[in-house]
Amino acid sequence: MTTDSARLTGGTGVGETAAPWRERLASLLDDYTRRPRPGTSRARFDAAVAWQSELVDAGLAAPGWPVSAGGMGLDLDDQLDYYRMTSAARAPKHPCSLSFIVAPTLIVHGTQQQRDRYLEPLLRADEFWCQGFSEPGAGSDLASLSTRAVADDDVYRVTGQKIWTTMADRADWIFALVRTGPPGRGTAGITYLLIAMDSPGVEVRPLRDAAGGHHFAEVFFDDVEVPMTNRVGEEGEGWSIMRTSLGHERATAFLADEFRYRKTVDQVLRLAVEQGRRDDPLVRQQVADLETDVRTIATNSARALSAVLRQEDPGGVASINRLVKSEFEQRLHRLALRLTGPGAALGSRSAGAVDGGRWTYGYLMSRASTIGAGTAEIQRNTIAETVLGLSSHRGEGRRDRVVEPGRPLATPESDERAVRSAVAGVVRSRVDTDRILHGRVDTAELWDALVDFGLPGLAAPESLGGGGASPRLLCAAIEEAAYRLAPVPLVPTVAALALLLASGAEAAAVPVIAGARCAVAVAVDDSGWRLDDTAPTVTDGVLTGVVDRVVGVTDAQILVVVARSADTGDAAVVTVEPADAVVTRQDPLDLTSSVGAVSLDGVRGDVVAVGPQARRGIEEAQRIAHLAIAADSVGVANRALAMAVDWAGQREQFGRTIGSFQAVSHRCADMLVEAEGARNQVLAAADLDGDSVEAELSAQLAAAHALSAAVRVTESCVQVHGGIGFTWEHPAHLLLRRALANEAWCARPESLRDQAAGRVLAQYS
């Protein structure tokens, strides 16, 4: 982290006192929940203001601020716990969220006098702030602002206009960007000022919004005197200071958003059940998408704050999260409005409006979420140009990218970095497009190299010869192998190993951990693995049946069969020597894989699990299979992203690189959002304890997200490359083929979403 960021966070846990903060906060929240709830909006506002002073007096305000600034100095996990506790108690949030944009700026760039003067009244909500950035001719394009400040002895004289200024009619102060340098467009010569709203020459004219309220206003400055002491930082450095404001706004100031969104999603899901739409297949798809979105926001917020606490710039993750959150708000309220049925014809204040018209009002207000604080289009520009390093659409050249496209935006922990680097090195030297297309990859040699590294038993118990690593590291390894299109049966083998271990067949698992290639022969349809009359049957160890489209079977040295007892119908897990079965090779869509049909009639195998033990093993193995195939899809998606960005930065049309055209750069930005979001979901799901009730739900949502994202991103990769991307020799179609095959391998994403939605909605019955 820079010195600035270190000043903002103030260390780790330095706010802890002899009385643990959790106990003190729990006691205060317990008292709060016993109080009668305010009945009017004005009463709720007054209660929120009073609550802030209670928190300050108790030393329980601003969990992420340093103690020296009046905060608690908590680390990431503690801050998340803090917001979980306050959200669960439905404690009011700070009534002026904009205050938490200026506060980090003052902590980092302000003088001690400014921090002493402004931070405590801001934290107590004794003084409210508004933001003076946008202007009629400089909305999202802040470099075009024209409000001027002219130095006159010990004051600046400010003249100009700001617009779309939220809470301007009730704010005591405005933090504003003004031009102190030469007129014109540019980031040089912009200065950051704090201006009292009651200063002579300040005029506020409220604007009525589409929802019918007055949430923002125009602000006019007519020769307003502002003391030099109200300048933050040096004159002309306002642009870089502003980036602190927005960066920390998106990384830390709205960390609690995830909990607020969680609450709102819960209300929408409850509305779906109340309106009798729980079994509506279209609604269930949207429910699963919302559940995925709110989890993505949570992981992004945590990763952004973690970057700040690790003394790193959260900009890349924060920019993505800003876009994801704004569009999520619109999807959320669109579904809620749809769920009101014919009630959507009524205005928000109409008698008979569902839930008092809150969803109509919320939908209209959500239209501003992709406009305020930088439009969604500007956010995509920022992602494309700052995060991905594509050429500026304004002809301003290229900036240094945050990270290489396709690589994790947030720096992984050291063990994960080591795994990624090692697997990448193993595959990179042995695989390329030409060798894949002409069948010249020495797959046996590649597999042996991966086994030497520790795959496929990376996460298997050390007592059995495995690596004892976390499922997260296994997913990272699978992602890296897929990123380079390793044509080996890694995912089928990982799934087979999981099935053996979860079924208690440790002896049968040992050779797999040692490097034997495997496949799972299981009946599959769109919903996943099937254990019905389509499954093979087993009697006294003899199998009967045919399993079609078994991925990896032509390379397998051990075949693990999911079967049913012919006598009892109980689940059974059986290992078979592939040479004893009849394997018919089938033509695969994925040219880096193999597929075959397996005839098992009269084949004798070793029954390693039966009954409840086998059924539990099958359920757990399917969860691991979902995570493995999802991690593979994440690797494919990120390789496609990297290729598209590289091409967009090279290919020229009309004298410019195609990445400078917003049609292309915005597509690349969306590819990054999809690919990075999928990675986050998979790794977060892999971090869960397999015995957790959340584990299967998270795996289903992560797999659905990753499978769909890989197809969309690889399709976009072909599109960005144009004609060359459609040629046989180009690797784009290899990525697309693998993504499509993954979608069909163990369950369709639509079915996974439906299953996940059923789990989610069952909580609201």
A.B. asks: Between R738 and S633 (side chain of the first, backbone of the second, donor and acceptor by atom type, cut-off under 3.5 Å), is there such a pair?
C.D. replies: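 Here the side-chain-to-backbone pair does not exist.
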A.B. asks: Donor-acceptor pairs are to be reported for all side-chain atoms of residues 446-466 against protein atoms at under 3.5 Å, with residues two or more places apart or in another chain.
C.D. replies:
residue, atom, partner, partner atom, Å
W447, NE1, G515, O, 2.7

A.B. asks: Distance from R679 atom CZ to C475 atom SG, nearest 0.5 Å?
C.D. replies: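 So the CZ of R679 and the SG of C475 are separated by 12.0 Å.
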A.B. asks: Taking T539 for its side chain and V542 for its backbone only, find out whether a donor-acceptor pair lies under 3.5 Å.
C.D. replies: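 Judged by distance alone, no pair lies under 3.5 Å.
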A.B. asks: Which residues pass the side-chain contact (heavy atoms from CB on, under 4.5 Å) test with A521, sequence neighbours left out?
C.D. replies: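 If we apply the side-chain contact (heavy atoms from CB on, under 4.5 Å) test to A521, skipping adjacent residues, the hits are V547, V550, L559, V561.
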A.B. asks: Can a salt bridge be assigned to the pair R712 and D670 using a cut-off of 4.0 Å between side-chain N and carboxylate O?
C.D. replies: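 Result for this pair is no, no salt bridge flagged.
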A.B. asks: For a 4.5 angstrom cut-off between non-hydrogen side-chain atoms, does L290 reach V294?
C.D. replies: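 Not in contact.
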A.B. asks: Is the backbone N or O of R278 less than 3.5 Å from a side-chain atom of R284, with the two atoms forming a donor-acceptor pair by type?
C.D. replies: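 Yes: the side chain of R284 pairs with the backbone of R278.
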A.B. asks: Any salt bridge (charged side-chain N to carboxylate O under 4.0 Å, His left out) involving residues 543-566? Give me the pairs, sequence neighbours left out, ordered by first then second residue.
C.D. replies: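 Applying salt bridge (charged side-chain N to carboxylate O under 4.0 Å, His left out) to every pair that reaches into residues 543-566, excluding sequence neighbours, yields nothing.
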A.B. asks: So E291 and R753, salt bridge (Lys or Arg N to Asp or Glu O under 4.0 Å) or not? Walk me through it.
C.D. replies: CA-CA 10 Å; E291 190 67 29; R753 290 189 191 96; over 6 Å; no
A.B. asks: Between L627 and P471, is there a side-chain heavy-atom distance shorter than 4.5 Å?
C.D. replies: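 The answer is no; the side chains never approach within 4.5 Å.
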A.B. asks: With rounding to the nearest 0.5 Å, note down the distance linking CG in L641 to SG in C668.
C.D. replies: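 One finds 7.0 Å between CG of L641 and SG of C668.
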A.B. asks: Tell me whether T493 contacts the main-chain N or O of C518 through its side chain, where contact means a donor paired with an acceptor under 3.5 Å.
C.D. replies: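 At least one qualifying donor-acceptor pair exists.
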A.B. asks: Please tell me if the side chains of P731 and M643 come closer than 4.5 Å, counting only heavy atoms from C-beta onward.
C.D. replies: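 The answer is yes; the side chains approach within 4.5 Å.
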A.B. asks: With sequence neighbours left out, write down each residue that passes ring pair (Phe, Tyr, Trp, His ring centres under 6.0 Å) with Y483, or none if nothing qualifies.
C.D. replies: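 With sequence neighbours excluded, Y483 shows a ring pair (Phe, Tyr, Trp, His ring centres under 6.0 Å) to no residue whatsoever.
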A.B. asks: Would you check, one step at a time, whether the test side chain to side chain contact (heavy atoms under 4.5 Å, CB included) holds for V324 with D293?
C.D. replies: CA-CA 8 Å; V324 170; D293 287 343; 5.5 Å; no
A.B. asks: Which distance, rounded to the nearest 0.5 Å, do you find between the CG of L543 and the CZ of R604?
C.D. replies: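 CZ of R604 is found 9.5 Å from CG of L543.
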A.B. asks: Please collect all side-chain hydrogen bond (donor to acceptor under 3.5 Å, both in side chains) contacts where either partner lies in residues 605-620, sequence neighbours excluded, each pair once.
C.D. replies: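 Applying side-chain hydrogen bond (donor to acceptor under 3.5 Å, both in side chains) to every pair that reaches into residues 605-620, excluding sequence neighbours, yields E620-R623.
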A.B. asks: Mind checking side-chain contact (heavy atoms from CB on, under 4.5 Å) for Q681 and listing every partner two or more places apart, or none if nothing turns up?
C.D. replies: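 For Q681, the residues satisfying side-chain contact (heavy atoms from CB on, under 4.5 Å) (neighbours in sequence not counted) are T292, R295, T296, T299, A702, H705.
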A.B. asks: Side chain to side chain contact (heavy atoms under 4.5 Å, CB included) between E696 and H626: does it pass, once the steps are laid out?
C.D. replies: CA-CA 9 Å; E696 178 58 26; H626 287 158; 4.0 Å; yes
